[in-house]
Amino acid sequence: MKLALRAPAKINWFLSVIGKRGDGYHEISSVMQCVSLFDSISLERSGSIELVTDMDLPAEQNLIYKAAVLLRDFAGYKGGAVISLKKNIPSAAGLGGGSSDAATALLGLNRLWELNLPVSVLAELAGRIGSDVPFFIGGPLALAEGRGERLTPLSLRSPVWLLLVKPSLSVSTPWAYGHYAPKLTKKVIDIKLFCLSLDRKDFVSLRQMVFNDLEEAVSGRYPVIAEIKEALLKSGAVVASMSGSGPTVFGVFGTREEAVAASGRMEGHWRGVVSTLTAAGYHAEHEEVS
């Protein structure tokens, strides 16, 4: 048996940093959204766990490998798998590629090894790997609270077109949170109103609700992020913001054609025209395709 799956990237529609926790993590509130940019993962049974990838990272440090070992040990499974990874999502970009890869590996290996573990167990294991990993177990749109593991699923009926732009630099998540300067007043988002505005494509309202508390510190260190955001808005984006800990900036466009046209004005950076994923589209990516 061989599985071929796709692991989607994500953006943060908003990211509010509430404060530092006793366990060293930060308490957050964020709406996370899967988008149509994917890493490809294939899984095939084997006697041991082997990761095949061209990433310049020891296999033992890759979140996919950690997920596979954790699942095998938890379930007491005696075999392994050859896991092949093709990266399309930029690394250290604020798009959750590594977390999505790990979650997809958990979902796929649960099927490949015929463990039949419930999603709730996989989500608990995902939380041991990283803060964003549980989100990708369920996807594609959710309110994430706590350190990111406390999830409330949300729904979106129709896709929205985005242009992702990443400058040629990487940002460490611990660095971004470590340099965040707490604000005296916090923006509070009405989640029902947010979802309604997103569904209706009420971009005027969305402008007031799309933000990232980490953006000021990260763009202060890397001014190109603010430059990209301004360029997106000048190129017709109705909303623009940094995703996660950066440095990727996303712009929201009314049509795919507008996003493609804006992409042509962003030469010198990595770019990707994507759409948000609905529940049906998201779960279809985790079906066996070969």
Side-chain angles (χ1 to χ4, degrees), residues 9-35 63 90-100 103 123 126-136 138-139 141-154 162 164-167 169-195 197-198 205-226 228-229 239-252:
K10 62 83 183 167
I11 62 162
N12 299 77
W13 281 114
F14 67 80
L15 174 56
S16 175
V17 182
I18 297 169
K20 192 81 175 284
R21 294 158 49 113
D23 59 7
Y25 288 94
H26 283 78
E27 189 85 10
I28 68 162
S29 176
S30 179
V31 168
M32 300 170 68
Q33 167 81 68
C34 289
V35 298
L63 293 185
S91 299
L95 297 174
S99 296
S100 184
R128 302 185 197 180
I129 301 167
S131 297
D132 287 350
V133 184
F135 164 70
F136 289 102
L141 180 67
L143 171 65
E145 297 174 292
R147 63 181 178 90
E149 84 291 354
R150 199 166 72 245
L151 298 163
T152 304
L154 305 172
L162 309 169
L164 309 178
V165 183
K166 178 190 175 295
L169 59 94
S170 299
V171 176
S172 159
T173 298
W175 183 93
Y177 277 94
H179 286 77
Y180 163 71
K183 294 178 172 57
L184 293 177
T185 58
K186 300 296 296 180
K187 184 179 286 191
V188 178
I189 301 299
D190 182 324
I191 298 301
K192 288 185 178 180
L193 178 59
F194 174 84
C195 292
S197 300
L198 192 58
S205 296
L206 280 176
R207 285 193 197 103
Q208 310 304 315
M209 295 182 276
V210 173
F211 69 95
N212 187 332
D213 277 350
L214 300 178
E215 187 175 313
E216 183 177 348
V218 178
S219 61
R221 173 66 178 83
Y222 303 105
V224 66
I225 293 171
I228 290 172
K229 182 176 179 179
V239 184
S241 182
M242 187 180 81
S243 180
S245 54
T248 302
V249 180
F250 66 88
V252 180

**Report entry** Nearest-0.5 Å distance that lies between atom CD1 in Ile28 and atom CZ in Phe14
**Finding:** 9.5 Å
Requested in this report: Please report the C-alpha distance between Val252 and Trp13 in whole Å, then the side-chain angles of each, then the deciding distance to 0.1 Å, and finally whether the side-chain contact (heavy atoms from CB on, under 4.5 Å) criterion is met.
Outcome: CA-CA 10 Å; Val252 180; Trp13 281 114; 3.7 Å; yes
Query - Distance-only polar pair, side chains of Ser29 and Ser16, donor-acceptor under 3.5 Å - result: no
Query raised in the report: Taking Lys166 for the side chain and Gly246 for the main chain, is one N or O donor matched with an acceptor at less than 3.5 Å?
Result: no
Query raised in the report: Distance-only, no hydrogens or angles: does the Ser100 side chain make a donor-acceptor pair with backbone N or O of Gly96 under 3.5 Å?
Result: no
Query - Reference residue Asp213; test side-chain hydrogen bond (donor to acceptor under 3.5 Å, both in side chains); the match among His26, Lys186, Lys187 - result: Lys186
Requested in this report: Could you please spell out the steps behind the side-chain contact (heavy atoms from CB on, under 4.5 Å) verdict for Met209 and Ser197?
Outcome: CA-CA 10 Å; Met209 295 182 276; Ser197 300; 3.5 Å; yes
Report task. Answer yes or no: is there a donor N or O on one side and an acceptor on the other, between the side chain of Lys229 and the main chain of Phe250, under 3.5 Å? Result -> no
Query raised in the report: Which distance, rounded to the nearest 0.5 Å, do you find between the CE of Met32 and the CG of Leu141?
Result: 10.5 Å
Query raised in the report: Between OG of Ser99 and CZ of Phe136, what distance do you get to the nearest 0.5 Å?
Result: 6.0 Å
Report task. Give, for atom CE of Met242 and atom OH of Tyr222, the distance between the pair rounded to the nearest 0.5 Å. Result -> 11.0 Å
Query raised in the report: Do you know which two heavy atoms are closest between Pro247 and Ile225, and how far apart they sit?
Result: CB-CD1, 3.7 Å
Query raised in the report: Nearest 0.5 Å, what's the CD1-OG distance between Ile11 and Ser243?
Result: 6.0 Å
Query - Reported OG-to-CG distance for the pair Ser30 and Asn212, which is rounded to 0.5 angstrom - result: 8.0 Å
Report task. Starting from the C-alpha separation in whole Å, work towards a yes-or-no answer on side-chain contact (heavy atoms from CB on, under 4.5 Å) for Phe194 and Leu206. Result -> CA-CA 7 Å; Phe194 174 84; Leu206 280 176; 3.7 Å; yes
